[in-house]
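Numbers restart at 1 for each chain; the letters A, B, ... are given by sequence-line order, proteins then strands. What you see is a predicted model; the values in this text were computed from it and never measured.
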Number of protein chains: 2
Amino acid sequence: MKTIKDIAKELGVSVSTVSRALNDNPDIKKETKEKILEGIKRLNYTPNANARSLIQKKSKMVGLMLSDITDPFFSEIALGIEEVLSAEGYQVIYGNTLLNPDKEKEVLSSLLQRKIDGLIIKPGALDEELLNIVEQLDIPVVFLRKLKEYEQHLKVSSIDVNHYESAYKAVDHLINLGHDNLGFIGISKKASEGEDRLKGYINCLENQNISYSDDNIVIAGTKIEHGRKGVEKLLEKTPNLTAIFAANDLLAIGALEWLAENNYKVPEDVSVVGFENLEISSLHWIKLTTVDLPRKEIGVQSANMVVNMLSSETIKKEEVELDTTLIIRKSTGKVKYLNIN
Amino acid sequence: MKTIKDIAKELGVSVSTVSRALNDNPDIKKETKEKILEGIKRLNYTPNANARSLIQKKSKMVGLMLSDITDPFFSEIALGIEEVLSAEGYQVIYGNTLLNPDKEKEVLSSLLQRKIDGLIIKPGALDEELLNIVEQLDIPVVFLRKLKEYEQHLKVSSIDVNHYESAYKAVDHLINLGHDNLGFIGISKKASEGEDRLKGYINCLENQNISYSDDNIVIAGTKIEHGRKGVEKLLEKTPNLTAIFAANDLLAIGALEWLAENNYKVPEDVSVVGFENLEISSLHWIKLTTVDLPRKEIGVQSANMVVNMLSSETIKKEEVELDTTLIIRKSTGKVKYLNIN
DNA sequence: AACGTTACCGGAAACGTTACCGGAAACGTT
DNA sequence: AACGTTTCCGGTAACGTTTCCGGTAACGTT
């Protein structure tokens, strides 16, 4: 493994000069710089970024902690992040948390040992211990979700979609179609987005004076099969509902699947709206009305936040909420008795 | 930022002793070790992995270069890789190549500057320049695809699914169902997997003495819309075909979509088999017969190859091909004239 | 009591790089 | 011709670790 010293010796210059050639330092003659750069290519030398990090006290690396890169939602965010960070000369070190608090701590610890310059994280549980660690960090941190009340004192930025507004919009669409007996299939309430989407659903109903009860709400999970079980339970409790809002597309697709298998017609018998706008939601058999999230934009903006804080040297807290758009497809339609008119 | 020196001074010991406490070195009394570990927690000190890498001449980092993390195929591989590597104490540095040769070189260069201990890569074009770089690497390298003929001299390992066999199996299934007028919708031939799948298709036909021509083959692309256009063109050229083998699931799903929209019945009119077994391929409306690939296994094994080479200190070349399983669902059935019997 | 062995610890060098300082040559100015 | 300024370069310290060497104290053995 060649070092800067080898290059210096080989070319008959000092290490300082080689370093200058590498770092666009002006204190070097044009010809010597060219000679050195040529020599570096010829002897195929690669600088040691770790040694550089050591003395410069910045690593040019940013940590990215996600629950699961397999989730298309996150992988697209990751793509956006990688795009802007690599363009700015940063490397992304990625760690899977798998929603496991222990793994989360472990991964964070190893990222910090690597002396990352910044951190982008979709926090899971974030127990007290982890909260303390995050609190003590003196690097830019961006949360990929809204800050909870008890996290407000943290000096971390956040970026997220406005889940409440988006859910409200989706339910409002159903109500405008004449539906007044709705059902909700939700993801776990522990996740803040789950709570916000439920709140949007409920508030919309309340504002429009539409009655509802616990029978109209089922907390199912996050995957297709949960959606299947979700509708089934929902229709047991309230058989005469005409519209369903599912808190994510996979739940909605699961619901659609169950409905199709049980001879319900969509949207004639039941309208369904989802949340996330997966690629498959536009398929011929699905054509799901859903809320589109600016996934890549979340990644791009979160990375930009880190870069900005890093270049401005001041860690300025920022909380942004991105807007969403409702995509209306064929899974929602006017309620039956209105069609009779 | 606290260093090991601060800890040493604070606790009245030498830096060597602190280092010993951190690295499970036996030359330290139990009580002092405990005292130091306690002190480290209390003063919340994090070791600097870059400094450690510098002197140990190994970074405990492995590079992972993929074309696109958004692809569910790769993201699941990435998950498997991350799982075993992090368990072995390695960190994964991830870089997107986006199938862009320039970006590929750039990313590889920055990974090498980071002095990664190993590299797992799904190479794209791999032009001469890149080939040279890879050739000169003295770290374990694993390709996530079969080595091409002109790459055989490289000291890199490889892992892949047996695309030829798998395709053969899929087509054989169709022939066993009585089909003798088949069509192929392919991904680009440039990708070696595309070529191998086509070869499997052709050889199976030849071995069973089934005639075919260029009219039975369409090279479409990789996405759903390409599948749509693919079938259309295929049916224009050979309207009387009864079965289609699509080189990946998205193509197959696109084909199914177009067939559904144009009032073809599947499998009564046309049987369709895909390749990859995406999660959505099992959906009620799709139920695609397809080849299941051990995605996560690819990730796990590739990571293990790197770990093994790293621990055995000898870079031993290894080329593995994993088996696949044909998953038979409802998109394939006996050919019509056989059903008449 | 003398010795060898073990257990434990501190000091200093080294890893590959950049930052800083100082100096020599070249140049321009008066 | 004398001086100040600029241009360019080399030497050395520093970054935060680990590794190596050496040394002291405690212990056991004869």
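Looking at the side chain of A/Pro47, the nearest of the listed nucleotides C/dC9, C/dT17, D/dC9 is C/dT17. Of the listed nucleotides (D/dG16, D/dC15, C/dC8), D/dC15 has the atom at the smallest distance from the side chain of A/Ile55. Taking every side-chain heavy atom of A/Ile4 into account, C/dT17 is the closest of C/dT17, C/dA12, C/dC15.
The residues B/Glu38 and B/Arg42 are annotated as salt-bridged, a charged nitrogen and a carboxylate oxygen being separated by less than 4.0 angstrom. With salt bridges taken as basic N to acidic carboxylate O contacts below 4.0 Å, one links B/Glu82 and A/Lys103. Contact check on B/Glu151 versus B/Arg145 returns a salt bridge, with a Lys/Arg side-chain nitrogen under 4.0 Å from an Asp/Glu carboxylate oxygen.
Neither OP1 nor OP2 of D/dG11 sits under 4.0 Å from any side-chain N or O of A/Ser14. In this model, the phosphate group of D/dG16 is approached by a side-chain N or O of A/Lys57 to a distance below 4.0 Å at OP1 or OP2. Applying the 4.0 Å criterion to OP1 and OP2 of C/dT17, one finds that A/Gln56 has every side-chain N and O outside that range. Of the side-chain N and O atoms in B/Thr3, none sit less than 4.0 angstrom from OP1 or OP2 of D/dG16.
For the pair A/Thr17 and B/Lys2, both in contact range of DNA chain D, the more 5′-proximal nearest nucleotide belongs to A/Thr17. Mapping B/Arg20 and A/Asn25 onto DNA chain C via the closest heavy atom, the residue that lands nearer the 5' end is B/Arg20. The residue among B/Ala51 and B/Lys33 whose nearest nucleotide of DNA chain C is located toward the 5' end is B/Lys33.
Heavy atoms of B/Ser16 sit under 4.0 angstrom from at least one base atom. Among the atoms of the strands shown, none is found under 4.0 Å from any heavy atom of B/Asn50. A/Thr32 comes within 4.0 angstrom of the backbone, heavy atoms only, and of no base.
Distance, A/Lys9 NZ to D/dG11 C1': 15 Å, rounded to whole Å. Residue A/Lys29 contributes atom NZ, which lies 13 Å from atom C1' of C/dA24 at whole-angstrom precision. The distance between atom NZ of A/Lys58 and atom P of D/dA14, rounded to the nearest whole Å, is 21 Å. Between B/Lys35 atom NZ and C/dC9 atom C1' there is a gap of 11 Å when expressed in whole angstrom units. Atom pair B/Lys115:NZ and C/dT17:C1' shows a separation of 11 Å (rounding to whole Å applied). Residue B/Asp27 contributes atom CG, which lies 13 Å from atom C1' of D/dG23 at whole-angstrom precision. One atom, CG of B/Asn23, and another, C1' of D/dG16, lie 13 Å apart when rounded to the nearest Å. We find that CD1 of A/Ile28 is positioned 14 Å from P of D/dT7, with the value rounded to whole Å.
Nucleotide C/dA12 has D/dT19 as its partner under the Watson-Crick or G-U criteria, with both atom distances under 3.5 Å. Here D/dT24 sits opposite C/dA7 as a Watson-Crick or G-U wobble pair (both hydrogen-bonding atom distances under 3.5 Å).
Taking 4.5 Å as the limit, some side-chain heavy atom of A/Gln113 sits within range of a side-chain heavy atom of A/Ser109.
The shortest heavy-atom contact between B/Met305 and B/Ser157 is CE-CB, 3.6 Å.
The main-chain N or O of A/Lys146 is found under 3.5 Å from a side-chain atom of A/Asp160 such that the two form a donor-acceptor pair.
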